[in-house]
Amino acid sequence: ALLALMLFQHSRRASRVNSAGDVITLEDQDRKLWDQTEIGEGVALLEKAARRERRGPYLVQAAIAQCHATATTAADTNWALIAGLYALLAELIPSDVVMLNWAVAIGMDKGPAAGIQRVDDLAAAGRLDGYYLLPATRADLLRRLGRANEAAESYRQALDLAVNEAERRYLAGRLAEVTAAAGGNGSTPG
């Protein structure tokens, strides 16, 4: 299961960043660049592991990665199945990061309003303070809800916490988009 997970993740390596080194989100990646041989090997290994192994974290994580890797388009992603798999993973690994990923899956399956409540609950607990993906996730869900001013504030928080330059450029770009959508209210980083 671990090898299957690694193959699914590695299969997307050519599409994760553009020629300038900027981050390309999973939904915007060119799936024609994904290594279909590695995906096929991952599927075969995961099927074999599912028959031989008891349900463990790597098996569930690989199943989540398979859902992404085998979806023909981002719109074809089976978010309901992914949300269910994150529910299983949360039982096996009860961590706040898993809960954050589960909130994303719920937001993609049921709509951003369904995910934002879970993200806000995680924020209120305070255990992910300082983790840039918490405000970044909140910002994305708010953006999808059309709440540009709130999304901009969350993007600013994420930008303040992010240390990787490629991620900072991505967040700054999103901040500029939502700031423009909000009628130019707020400032963008310099």
Side-chain angles (χ1 to χ4, degrees), residues 1 5 8-9 12 15-16 23-29 31 46 55-71 73-164 166-175 177-179 181-182:
L5 174 60
F8 290 135
Q9 298 299 353
R12 297 187 293 111
S15 64
R16 292 177 191 264
V23 172
I24 302 172
T25 62
L26 180 60
E27 73 181 322
D28 293 328
Q29 290 176 11
R31 292 167 188 252
L46 184 56
R55 183 181 73 192
Y58 291 131
L59 192 68
V60 177
Q61 290 173 28
I64 292 167
Q66 179 181 347
C67 289
H68 290 296
T70 58
T73 65
D76 293 334
T77 304
N78 187 342
W79 285 106
L81 177 56
I82 292 171
L85 289 166
Y86 270 114
L88 290 174
L89 190 59
E91 291 175 16
L92 298 168
I93 306 173
S95 80
D96 291 316
V97 172
V98 169
M99 299 301 285
L100 181 60
N101 287 320
W102 188 11
V104 169
I106 289 170
M108 296 302 288
D109 179 38
K110 304 285 187 198
I116 196 75
Q117 182 60 53
R118 288 174 173 263
V119 171
D120 286 346
D121 290 346
L122 284 167
R127 291 184 300 272
L128 289 177
D129 287 352
Y131 184 55
Y132 88 95
L133 287 176
L134 179 66
T137 300
R138 186 172 195 279
D140 186 64
L141 292 168
L142 289 166
R143 179 185 62 83
R144 291 173 190 272
L145 284 168
R147 293 164 53 184
N149 287 327
E150 293 170 87
E153 181 56 34
S154 289
Y155 278 125
R156 282 187 204 93
Q157 291 170 2
L159 193 53
D160 287 344
L161 296 170
V163 294
N164 177 294
E167 292 164 347
R168 289 183 55 75
R169 285 192 308 271
Y170 171 78
L171 293 166
R174 283 292 197 197
L175 175 56
E177 288 174 24
V178 296
T179 299

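Throughout, numbering of the chain's residues begins at 1 and tracks the sequence. What you see is a predicted model; the values in this text were computed from it and never measured.
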Problem - Nearest heavy-atom neighbours spanning A162 and Y132 - result: N-CB, 3.7 Å
Practice task
For residues L134 and L122, report the shortest heavy-atom separation together with the two atoms involved.
Solution key: CD1-CB, 4.2 Å
Practice task
Of all the heavy-atom pairs spanning I24 and Q29, show the shortest one and how long it is.
Solution key: O-NE2, 3.2 Å
Practice task
Show the numbers, then the answer: is there a side-chain contact (heavy atoms from CB on, under 4.5 Å) between R55 and L88?
Solution key: CA-CA 9 Å; R55 183 181 73 192; L88 290 174; 3.1 Å; yes
Exercise for the section: Give a yes or no on whether a salt bridge exists between D140 and R143, defined as a side-chain N under 4.0 angstrom from a carboxylate O. Expected result: yes
Handout entry: Donor-acceptor contact present, side-chain R168 to main-chain L159, <3.5 Å
Key = yes
Problem - Side chain to side chain, L81 and D109, heavy atoms closer than 4.5 Å - result: no
Exercise for the section: Return yes if some donor-acceptor pair links the side-chain N/O of R31 with the main-chain N/O of A71 below 3.5 Å, else return no. Expected result: yes
Handout entry: Heavy-atom side-chain proximity of F8 to H68 below 4.5 angstrom
Key = no
Problem - L175 side, atom CG; E153 side, atom CD - distance, nearest 0.5 Å - result: 9.5 Å
Exercise for the section: Output the distance between atom CG (L133) and atom CD (E167), rounded to the nearest 0.5 Å. Expected result: 7.0 Å
Practice task
Check whether any side-chain heavy atom of Y131 lies under 4.5 Å from a side-chain heavy atom of L161, and answer yes or no.
Solution key: no
Exercise for the section: Find the distance between CZ (R156) and CG (L171) and round it off to the nearest 0.5 Å. Expected result: 12.5 Å
Problem - Heavy-atom side-chain proximity of P112 to L142 below 4.5 angstrom - result: no
Exercise for the section: Please round to the nearest 0.5 Å and tell me the distance separating atom CG of L26 and atom OG of S15. Expected result: 8.0 Å
Handout entry: Nearest-0.5 Å distance, OH of residue Y170 to OG1 of residue T25
Key = 5.0 Å
Handout entry: CD on E150 to CG on L141, rounded to 0.5 Å
Key = 12.0 Å
Problem - Heavy-atom pair with the smallest gap, counting every atom of K110 and A114 - result: CB-CB, 3.6 Å
Exercise for the section: For residues L128 and M99, determine if any side-chain heavy atom of one lies less than 4.5 Å from a side-chain heavy atom of the other. Expected result: no
Exercise for the section: Output yes when a side-chain donor or acceptor of S154 lies under 3.5 Å from a complementary backbone atom of A151, and no otherwise. Expected result: no
Fill in the blank from the handout: Between A105 and I82, the two heavy atoms sitting closest are CB-CG2, 3.8 Å
Handout entry: Nearest non-hydrogen partners of L145 and A113, listed with the distance
Key = CD2-N, 3.8 Å
Practice task
Determine whether the side chains of Q117 and D121 contain a donor N or O and an acceptor N or O closer than 3.5 Å.
Solution key: yes
Handout entry: Test item: V23 and R169 side chains (from C-beta on) under 4.5 Å apart, heavy atoms
Key = no
Handout entry: Expected output: side-chain W79 to main-chain I106 donor-acceptor under 3.5 Å
Key = no
